[in-house]
Chemist: 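Below: one structure in structure tokens.
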Amino acid sequence: MLQNVPLASLKAFEAAGRTGSFRAAASELKLSPSAVSHAVRKLETALGAPLFERSTRSVRLTGDGEALMRYVGNAFEELRRGLEMVSTQSTQILRLHSAPSFATQWLSPRLARFLASHPGIEVRLSAGTEYARFSNDDFDADIVYGHARAEGLVVIPLGLEIVTPLCTPALARKLKKPQDLLKHVLIRSDSKQIGWDAWCAHNGIETPVHYAMRFDRSFLAIAAAADGLGIALESTRLAERELQSNRLVAPFLGGARDVSYVGHRLVYPKSKRRKVLETFARWLAAELALPSSAGKA
């Protein structure tokens, strides 16, 4: 069956089905409307089924046409992705997924620098709490919070992060010792691996049992602390911009027992050893001042 279906007919069918018009499909494919109509007729003859309902002004997919369109549309999308992946003549595309707070607080502010130094690369960034599924080829790599949860992945730890109380300078002036934290509003991040209970135990003080504010994302807790709503226990890496601008300070950094851990990791399938991914991994390692071997994809 497949050998009797010309690729040109499938292209014409896909374009007409997507645009809902033979004329629009013809303009996209740089053909005449009659050529598109002829190609679609040829496909319908080969399949023995009408694919469009035709009127003088428009065309509409039949039930069989809609069913076929789902498969043909996906096939052309996969073909496009494959061509983009191996092409050296066009812009190289990096399809990246990231944990939301890392994307918002650390990665996005630096992407302009990455793109400026690598003008031939286009970054498509998505953020979400669900880890990327590489089986459908939607992403090249993921920056995950915590440990990777799949087999067959290259895992590059993105260095140690220091977790410490963060607050406004005005609030910090009221804090003389770690115990003073318990007199103020503490902001809890529910999704953090290192929470207030761990930090307080590490510093030998009472563990708070009540929180006036709780968030499920670090970037929300950091924003609340910067707005003076309380004290957040967060990574100095994620709060780097707020610390540099003095919207936040770390009153006990170096003066109490700091807690550090590997919070984020770059992961990707072992089969994806593309040049664009290697370029990004090296840049990421350099930005984070990781050992030179860490950025080798």
Chemist: Suppose we screen for ring pair (Phe, Tyr, Trp, His ring centres under 6.0 Å). Which residues come up paired with H97, at least two apart in sequence or across chains?
Modeler: F139

Chemist: With rounding to the nearest 0.5 angstrom, report the CD1 to CZ distance, I231 to F252.
Modeler: 7.5 Å

Chemist: Tell me every residue that passes side chain to side chain contact (heavy atoms under 4.5 Å, CB included) with L182, counting only those two or more places apart in sequence or in another chain.
Modeler: L186, E206, P208

Chemist: Please tell me whether S189 and E234 have a donor and an acceptor in their side chains that are separated by less than 3.5 angstrom.
Modeler: yes

Chemist: Say you draw a straight line from CG of L181 to CH2 of W196; how long is it, rounded to the nearest 0.5 Å?
Modeler: 5.0 Å

Chemist: Over all heavy atoms of both residues, which pair between T168 and L248 is shortest? Give the atoms and the distance, please.
Modeler: N-CD2, 4.0 Å

Chemist: To the nearest 0.5 angstrom, please state how far the OG atom of S260 sits from the CZ atom of R237.
Modeler: 11.0 Å

Chemist: Salt bridge (charged side-chain N to carboxylate O under 4.0 Å, His left out) between R247 and D227: does it pass, once the steps are laid out?
Modeler: CA-CA 8 Å; R247 291 189 68 207; D227 287 336; 3.2 Å; yes

Chemist: Establish, yes or no, whether a centroid distance under 6.0 Å links the rings of F134 and Y268.
Modeler: no

Chemist: Would you say that T236 contacts L243 through its side chain, given a criterion of any heavy-atom pair below 4.5 Å between the two side chains?
Modeler: yes

Chemist: Between F219 and F102 (judged by ring centroids, cut-off 6.0 Å), do the two rings come close enough to count as a pair?
Modeler: no

Chemist: So Y145 and Y261, would you call those rings parallel, tilted or perpendicular, with 30° and 60° as cut-offs?
Modeler: perpendicular

